[in-house]
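Worksheet: one structure, shown below.
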Number of protein chains: 2
Amino acid sequence: MASIKDVAHHAGVSVATVSRVLNDHPSVRADTRDRVLTAVAELGYRPNAVARSLRTDQTRTLGLVISDVLNPFFAELARSVEDEARALGYSVVIGNADERPDLQDHHVRTLMDRRIDGLLVTPTDGGSPLMLDAARSGTPMVFVDRWIKGVDVPVVRTDGTDAVRDLVAHLHALGHRRLAIVAGPAATTTGRERVEAFRSALHEFGLALPADFIGQGDFQAESGRRVTARFLDLPEPPDVIFAADNLMALGAMDEIRARGLRVPGDVALAAFDDIPWFVHTDPPITAIAQPTGELGRAAVRALIDRVEGRTTDSVILSARLVTRRSCGEPEGSKP
Amino acid sequence: MASIKDVAHHAGVSVATVSRVLNDHPSVRADTRDRVLTAVAELGYRPNAVARSLRTDQTRTLGLVISDVLNPFFAELARSVEDEARALGYSVVIGNADERPDLQDHHVRTLMDRRIDGLLVTPTDGGSPLMLDAARSGTPMVFVDRWIKGVDVPVVRTDGTDAVRDLVAHLHALGHRRLAIVAGPAATTTGRERVEAFRSALHEFGLALPADFIGQGDFQAESGRRVTARFLDLPEPPDVIFAADNLMALGAMDEIRARGLRVPGDVALAAFDDIPWFVHTDPPITAIAQPTGELGRAAVRALIDRVEGRTTDSVILSARLVTRRSCGEPEGSKP
DNA sequence: ATCCTCCTTGTAATCGATTCCACGAGGAGG
DNA sequence: CCTCCTCGTGGAATCGATTACAAGGAGGAT
């Protein structure tokens with residue numbers, strides 16, 4: 001592969017001049033510039049980004065450590081992050097943590113070794129020593145969707161409180177009184193917040209959230225299935241199951257179907273995070289939709305602000321309820 | 001951030017010695033090694049991968065240019081690629097082409113500028129000049145899932161011919177005779193091959209595939225919807241629609257549902273690529289399942305073989321039919 | 001005691017860029 | 001005609017690692 005030296009030699013100039021041409025430095029005579037450009041074209045030369053990064057101490061690359069690529073919500077988030085970053089002249093390197101803190105650490109370490117300019121993270125836990133170090137060490141960092149308490153890092157996330165209240169209101173109106181939740185890991189903010197929002201919405205409607213009706217999941221389908229099984233084995237099972245993410249909702253459906261029960265006849269089902277498939281499931285699933293694309297884009301803008309030395313605040317967007325048939329017939333419509 | 005010089009200074013040795021310790025060079029006295037290791041720990045030193053790559057001319061990074069992260073099939077492929085690569089000591093940088101040749105080129109260029117050690121691609125088209133160049137230029141490269149004709153690059157893919165024949169047999173047994181296909185872009189091999197497999201399977205059963213029954217899609221949901229609309233507007237619409245990927249199947253469902261038609265009563269539906277949601281759609285969708293994980297892992301192994309100077313052959317895995325209810329009741333079961 | 005090895009370590013070149021500094025040519029001003 | 005500036009360019013240092021080569025010291029053989 002041709003290097004800047006080859007180009008310089010080919011054009012009969014010094015490497016300094018080639019570099020100037022490549023970086024649009026003004027003080028290069030037009031004909032010299034042309035000669036260099038011709039040499040570049042003839043050799044098919046492309047600057048070595050590795051060497052450039054070493055010298056300039058910037059990679060124009062952002063790291064994104066995501067909880068789970070197989071979760072359509074995060075896939076969409078990753079996509080919007082990449083789109084916005086590209087528009088702003090940055091590349092994105094994605095690390096998939098698969099909801100595992102050890103893998104998350106692995107990716108954070110690898111990305112920092114690669115000297116990425118900034119890091120976007122959806123933490124899968126309460127903050128490993130490594131993550132805390134990274135946050136303190138000065139690497140520009142922004143949390144998306146989930147965050148870690150007590151760490152001074154801007155957060156771009158969705159507040160689902162109102163949407164959850166709307167959901168509970170909807171469920172209450174349909175006559176449901178025994179509502180259970182498949183929660184995410186308590187180590188994640190979204191894991192805790194969604195339970196809290198649910199609990200306080202229930203309280204508003206004079207309902208309690210007994211311990212039996214809180215199932216500990218891990219945002220993966222299998223845990224949704226396991227928790228649902230536990231719920232359904234209860235002497236007095238819930239009449240609504242609210243899954244804190246779409247994969248656990250999938251697991252819940254698996255279990256409900258395996259038992260030959262019907263949604264919403266036997267149990268109603270709702271999920272946090274809306275995905276295209278929810279329109280076509282049997283029945284279509286009522287869900288809380290996040291502005292995923294905007295979340296990703298805002299996160300990138302916030303991160304790049306930090307990278308380029310500007311300051312940023314946290315951003316909080318809001319979610320909304322999308323009513324379908326999985327909790328019972330919406331008002332005024334028929335089977 | 002501490003550099004190797006700081007470590008050397010702190011430990012009272014030269015940078016060469018630090019480097020030797022870090023790379024497990026045998027000729028370092030035990031106590032020197034300990035001193036260096038202590039310094040490394042005290043400073044929290046991590047080698048700069050950029051500098052190391054520049055010197056060693058290898059990044060231990062693989063590039064993966066994928067057609068569309070939002071497609072669950074590719075998300076799973078990406079995940080398995082990353083898993084296997086990590087197990088073998090490599091990182092993966094993913095570029096999402098969004099089925100757009102220009103974006104694909106952008107990512108190929110960016111990845112090559114970053115001097116990735118090898119490139120894994122699912123081409124979205126017949127091969128841009130850039131891609132052809134890259135293939136010829138000596139960058140180790142392997143195609144996954146899709147490939148480009150006339151380029152000497154190993155391919156790791158699934159042969160769906162038998163599964164498609166099984167599907168057609170299944171459809172034929174259920175009494176369907178008017179079968180249509182929502183094809184992928186003709187510029188992609190999977191776009192063409194799936195149509196060809198379908199056509200020759202139909203032929204085997206004495207059926208034709210009229211031009212009207214081949215709809216040009218682009219592997220995205222919206223095109224599935226558009227093509228399905230065209231099919232349903234035909235004076236004699238098909239009684240089966242086979243979508244060449246899962247997103248176009250989603251689009252097809254959107255359109256069918258929008259018209260108030262029922263699956264499989266009014267039209268049957270089948271898809272290439274199986275995804276977890278297909279179990280829970282209304283009705284569950286019959287699909288052709290690829291061994292996605294194995295595909296990704298085999299591709300990584302093939303690529304790393306090339307990177308490390310071994311030779312590789314192409315790998316062809318096979319797909320299988322998963323029968324559900326979207327084409328009619330399977331033999332011996334009831335509604 | 002001398003010389004030869006082997007072991008351990010340091011010095012310095014190198015990878016491919018960027019960028020500070022210096023230098024020569026040419027034009028303007030005195 | 002000389003001095004000073006500006007403009008365009010080249011030389012060389014630098015980023016943080018790796019590694020070939022050299023060198024110093026210890027120990028063994030003669």
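Letters A, B, ... mirror the listed sequences (proteins, then strands); counts begin at 1.
Contacts of A/Val18 with the nucleic acid, taken as non-hydrogen atoms under 4.0 Å apart, are absent. Nucleic acid contact for B/Arg29: sugar-phosphate only, since backbone atoms but no base atoms lie under 4.0 Å from a heavy atom of the residue. Nucleic acid contact for B/Thr56: sugar-phosphate only, since backbone atoms but no base atoms lie under 4.0 Å from a heavy atom of the residue. Residue contacts shown for A/Val50 are absent, as no nucleic acid heavy atom lies under 4.0 Å away. Among the atoms of the strands shown, none is found under 4.0 Å from any heavy atom of A/Asp57.
Ranked by how close their nearest DNA chain D nucleotide is to the 5' end, A/Thr17 and B/Leu54 are led by A/Thr17. Place B/Ser14 and A/Ala51 on DNA chain C by their nearest nucleotides, and B/Ser14 ends up nearer the 5' end.
Bending across the helix from C/dA1-D/dT30 to C/dG30-D/dC1, expressed as the angle between its end axes from five pairs apiece, amounts to 60° (10° rounding).
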Protein-nucleotides 24-26 of chain C N/O pairs closer than 3.5 Å?
none

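From the 5' end on, the contacts that DNA chain D makes with chain B at under 4.0 Å to a non-hydrogen atom open and close at D/dC15 to D/dA20.
Residue B/Lys5 contributes atom NZ, which lies 16 Å from atom P of C/dG10 at whole-angstrom precision. When rounded to the nearest whole Å, the span between CZ of A/Arg20 and P of C/dA17 equals 15 Å. Rounding to whole angstrom units, CD1 of residue B/Ile4 and C1' of C/dT9 are separated by 14 Å.
Of the residues in residues 31-43 of chain B, B/Thr32 come within less than 4.0 Å of DNA chain C through at least one heavy atom, sorted by number.
Nearest heavy-atom pair, A/Thr158 versus A/Pro291, reported as atom, atom and distance to 0.1 Å: OG1-CD, 3.9 Å.
Contacts of B/Thr110 classified as side chain to side chain contact (heavy atoms under 4.5 Å, CB included), with partners at least two apart in sequence or in another chain: A/Ser91, B/His106, B/Arg114.
Residue pairs meeting the side chain to side chain donor-acceptor pair (under 3.5 Å) criterion with at least one partner in residues 127-136 of chain A, sequence neighbours excluded, are A/Asp105-A/Ser128.
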